[in-house]
Amino acid sequence: MGKHRIVLALGGNALGDTLDEQMRAVKTTAKAIAGLIEKGNEVVIAHGNGPQVGMINLAMESAAKTEAHTPYIPMSVCVAMSQGYIGYDLQNALREELLDRGRDIPVASMITQTLVDANDPAFLDPSKPIGSFYSQEEAGEMTRRGYNMKEDAGRGWRRVVASPKPIDIVEKETVKAMLAAGQVVVAAGGGGIPVKKTEGNHLKGTSAVVDKDFASAKLAEIVDADYLIILTAVEKVAIHFGTPEEKWLDALTLEQAQKYIDEGHFAAGSMLPKVQAAMSFASSAPGRKALITLLEKAEEGIAGKTGTTISQ
Ligand code: ADP
Ligand code: MG
């Protein structure tokens, strides 16, 4: 296996759902990542933040509800907080794992902003539910404060935000400089803090969530990675997933992947964004490969032994 430049996109199972789980999960995650680094690969780590940003948002909301002096905290700030907290655990665990293997390699997390288009059509149809459930009355109050509220399958009202596409990674030159210096960087956590251009040079945080798989693909494109590796809870992508006809896929061309998307094989919100992100990276230049597999199978996946590969 030669040396590659790799962007890893860590899914929920690499981080766990709670504080305790995250502390434990990152140790295993660090072992898998250190294995890739030891082989001489250059690694950028991106990650999701669903449960963590949910927890932070909930804590901030309940503080604002009960404490007159505590303001409501914008979603963009909650994403920034989640990057800090997840990055802290990841860089701490990876530093230790590398030192235990005799590798003194600097690891740091970068608070990353993802540029989105203020005119992205996603803003017209906010649909990603975040935070806690509210009564109809509370939802009315939230609506008056300018939030978008939707009834969620009979369980109550929830705030919904848009999920616009990433168009650029604001701190990209710093990520590239760290890579060039042989350092390991955690970037674009939770899809990055969504910001849009306003007047002058100001970037304004927006109430949105960028999908972490799309942000990772954008980052991989920008740093000219050879591989985008999306690490998730399944070893391979399947067609007829969860049915008796289920078939696990080894390698897909862009055309095959598009055909399976059109046939509805990949669930929206879970496997569909991964396959789309993989396709967008693979189609951005010849030779770029995307791999979807389990964290502990990443090395075998690069060696072509497992996972689902998507390439031109
Ligand atoms: P992550 O936290 O890694 O983003 P998700 O839960 O969002 O993980 O997405 C991964 C999940 O997608 C898998 O655990 C699996 O249950 C589901 N899934 C949906 N459709 C498919 C498919 N066609 N092939 C494989 N997994 C699928
Ligand atoms: Mg997901």
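Counting starts at 1 for both ligands and their atoms, in listed order. Quantities reported herein were computed from a predicted structural model and do not represent experimental measurements.
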Against heavy atoms of [X], which atoms of ligand 1 measure under 4.0 Å?
| X | value |
| --- | --- |
| G11 | 1 (P), 2 (O), 3 (O) |
| F266 | 23 (N) |
| A233 | 14 (O) |
| G269 | 7 (O) |
| G12 | 1 (P), 2 (O), 3 (O) |

Is it true that [X] and [Y] have a side-chain N and a carboxylate O under 4.0 angstrom from each other?
| X | Y | value |
| --- | --- | --- |
| E21 | R24 | no |
| R288 | D224 | yes |
| E299 | K39 | yes |
| D226 | R5 | no |
| K259 | E263 | yes |

Point to revise | Pick from A238, G50, G242: the one approaching atom 23 (N) of ligand 1 most closely through a non-hydrogen atom | key: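 Considering heavy atoms of A238, G50, G242, the nearest to atom 23 (N) of ligand 1 sits in A238.
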
Exercise for review: Ignoring hydrogens, just give me the one of T232, V275, I292 whose non-hydrogen atom is nearest atom 10 (C) of ligand 1.
Suggested key: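 Checking each option, the heavy atom nearest atom 10 (C) of ligand 1 is found in T232.
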
**Study point:** A14 touching ligand 1 at heavy-atom level, < 4.0 angstrom
**Key:**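 In this structure, A14 fails to qualify as a contact of ligand 1 - no heavy atom is under 4.0 Å.
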
Point to revise | ligand 1 contacted by K274 (non-hydrogen, < 4.0 Å) | key: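 Yes, that is the case, since the closest heavy atom of the residue is under 4.0 Å from the ligand.
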
Review point. Do L8 and L36 have side-chain heavy atoms sitting under 4.5 Å apart?
Key: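 In short, these two side chains touch, coming nearer than 4.5 Å.
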
Practice item. For the residue pair T308 and L252, establish whether any side-chain heavy-atom pair is separated by less than 4.5 Å. Key: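 Sidechains of L252 and T308: in contact.
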
Exercise for review: Please work out whether any backbone atom (N, CA, C, O) or any side-chain heavy atom from C-beta onward of H265 is under 4.0 Å from ligand 1, and answer side chain, backbone, both or neither.
Suggested key: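 The part of H265 near ligand 1 is the backbone, not the side chain.
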
Review point. W248 to ligand 1: N or O pair under 3.5 Å?
Key: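 No - when backbone and side-chain N and O of W248 are compared with those of ligand 1, no distance drops under 3.5 Å.
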
Point to revise | Heavy atoms of other groups near E137 CD, more than 12 under 6.0 Å | key: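 At most 12 heavy atoms, drawn from other residues, nucleotides or ligands, come within 6.0 Å of this atom.
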
